[in-house]
Each structure stands twice: as structure tokens, then as C-alpha cells.
Enquirer: 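Have a look at this one before I ask anything.
The figures that follow rest on heavy atoms only: side chains count, while hydrogens, waters and symmetry mates do not.
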Amino acid sequence: MADERIAELEDETPAPSCDEIAGDYPEIAAHYKAGLELTDEELDTVADVAISVVRSILVHFDADDSPIDEYEGDEGELILDITAPDLAVLIGRHGRTLESLQTLVSLLVSRKLGFRYPVSIDVEGYKSRRHDKVIGMAKSAAARAVAQGRTINLPPMSAYERRLVHIALRDDDRIDTHSEGVDPERRVVITLR
């Protein structure tokens, strides 16, 4: 629900002109908002800002010196993977705390940069492992729906995970998928065609 409200606020806020760009990096913001590809130096600055924000949060967990691997994701986003023992608290149950952490980091980085750059936060590769698990669960449930000739309800998932299920199963001509319910109990339903 908080993510929806943040999205609403972002939609309600008009985009500033280049002359009105807030943040500490107006030149980079102007390039990004003009649709220009950022240089390697500008991307390094974005990564440095994001890492600085993450470290300022990690200090509260006595983990500010934890290694943070940075790399580019498939969709051009900056991915920061924090590797440190005893940081499961940052993941939380079913990754909910990690989602909140990512939202917080994204907002703080956006404010500092003066524009919204996609940043993804991971802890010990949790998101990668969860991604594989959700895809496997989706395919298994689809096979079960076909074999048993019935509708299958998956457990409640985040919007991101539901999207993964829909994408993983969209090319299967035997089944259809849709989401139903209200967050946080929203789930994917797999039905036969």
C-alpha cells in the first residue's frame, strides 16, 4: 500500500524543467531527462551516490563496511548486492523488508541525484534465488493445473513476483493467468483454457 501511495505522489508531481532541477547533480539530471545515454563517469557517480545512501542505512545495523557489489541489470537498472553475514533482517519475511528498503533507497537516491534512476537492492543474492524459485513454482503449478484439470491458486505474492509468474506462463497455450484479491493477499490464479 505504501508503494502505491509513493507511485501516486510521483505521478502527481510535475517533472521539473532542466532549469528547475533539484539535487546535487543537475548536469547529470539534465542529460538523463533529455534522454541522452549517461557516460561511464556519470554512471559511476550514480552508483557512488546509491552506495553512499545504502551505507548510511547499513550503519544502523553495524554493517556499514559490508561489501556491496554493483552491476547493471537486464533492463539497465543499477543493482547493488550487499554481502554480509547476519543481514537476513534486511530481507524480512518473503522479502517484504527488502522491498521497503529498496523503495527507501530509490527515493533517497532520486532526491540526491535530482532524477529517478532505477536502483535495485539485493542482500546475499536473495532476489536472484527468489526469482528462480517463483519461476519454478509457476511452471510446476501450471503443469499441475493441466495434469489435474483444475484451477490452481498460488500463494500471495508481491506485484513483482506476480509479474514474474505472468511472464513465465504467458507462452503456455494450455492455461491463462490472472491476479485476484487485495494486497497483501493478492495472488495469481492459473486456469485452464
Side-chain angles (χ1 to χ4, degrees), residues 1-7 9-10 22-25 28-29 32 37-140 154-165 167-168 183-188:
M1 187 161 281
D3 291 339
E4 291 171 5
R5 182 62 187 140
I6 290 168
L9 290 174
E10 288 174 350
D24 298 341
Y25 304 93
I28 298 173
Y32 187 79
E37 189 172 324
L38 297 183
T39 66
D40 288 341
E41 183 177 299
E42 290 171 330
L43 289 172
D44 287 343
T45 300
V46 169
D48 290 344
V49 167
I51 289 171
S52 172
V53 167
V54 169
R55 290 205 185 286
S56 70
I57 293 169
L58 290 177
V59 75
H60 299 284
F61 297 90
D62 294 326
D64 53 318
D65 60 348
S66 299
I68 300 175
D69 297 325
E70 63 178 90
Y71 50 96
E72 188 175 334
D74 294 338
E75 298 175 19
E77 74 276 19
L78 171 65
I79 299 174
L80 300 178
D81 189 5
I82 306 163
T83 54
D86 302 326
L87 282 183
V89 68
L90 292 179
I91 297 171
R93 184 176 170 146
H94 301 296
R96 300 266 193 241
T97 305
L98 185 55
E99 289 176 21
S100 298
L101 175 65
Q102 179 171 312
T103 300
L104 177 65
V105 168
S106 291
L107 289 170
L108 292 171
V109 168
S110 296
R111 175 167 278 183
K112 188 127 177 99
L113 291 175
F115 62 98
R116 188 180 182 284
Y117 192 86
V119 178
S120 179
I121 307 298
D122 202 354
V123 175
E124 294 281 340
Y126 170 81
K127 282 186 178 176
S128 176
R129 292 189 312 274
R130 181 69 182 162
H131 175 276
D132 295 344
K133 183 176 181 179
V134 168
I135 299 291
M137 180 178 21
K139 290 182 178 181
S140 173
L154 294 177
M157 297 179 186
S158 68
Y160 172 76
E161 290 177 346
R162 290 191 311 272
R163 181 175 178 263
L164 289 177
V165 172
I167 290 171
D183 281 332
E185 296 299 316
R186 196 154 170 81
R187 65 186 68 238
V188 174

Enquirer: If you measure from CD1 on I57 to CG on L104, what distance do you get to the nearest 0.5 Å?
Expert: 4.5 Å

Enquirer: Verify, without hydrogens or angle tests, whether E185 (side chain) and P156 (backbone) share a donor-acceptor contact under 3.5 angstrom.
Expert: no

Enquirer: Could you tell me whether R162 and D183 have a side-chain N and a carboxylate O separated by less than 4.0 Å?
Expert: yes

Enquirer: Mind listing the closest non-hydrogen atom pair of E70 and A47 along with its distance?
Expert: OE2-CB, 3.3 Å

Enquirer: Taking all heavy atoms of R116 and all of Y32, pick out the closest pair and write down the distance.
Expert: O-CE2, 3.5 Å

Enquirer: If you look at every heavy atom in V109 and A50, which pair is closest and at what distance?
Expert: CG2-CA, 3.6 Å

Enquirer: Hey, does the side chain of R129 reach the backbone of E124 with a donor-acceptor pair shorter than 3.5 angstrom?
Expert: yes

Enquirer: Can you tell me if T97 uses its side chain to pair, donor with acceptor, with the backbone of R93 under 3.5 Å?
Expert: no

Enquirer: Would you confirm whether E77, through its side chain, and E75, through its main-chain N or O, come within 3.5 Å as a donor-acceptor pair?
Expert: yes

Enquirer: Nearest heavy-atom pair of Y160 and H131: which atoms, and what distance?
Expert: OH-CD2, 3.9 Å

Enquirer: Between D81 and D69, is there a donor-acceptor pair closer than 3.5 Å when you use the side chain of the first and the backbone of the second?
Expert: no

Enquirer: Side chain of S106, backbone of Q102: donor and acceptor closer than 3.5 Å?
Expert: yes

Enquirer: Taking all atoms of both residues into account, what is the closest heavy-atom pair of Y117 and L113, and its distance?
Expert: CB-CD1, 4.2 Å

Enquirer: Please check if the side chain of K127 supplies one atom and the backbone of I121 the other of a donor-acceptor pair under 3.5 Å.
Expert: yes

Enquirer: Examine distances only and state if a side-chain atom of S56 and a backbone atom of V53 form a donor-acceptor pair shorter than 3.5 Å.
Expert: yes

Enquirer: For residues I135 and L164, report the shortest heavy-atom separation together with the two atoms involved.
Expert: CD1-O, 3.8 Å

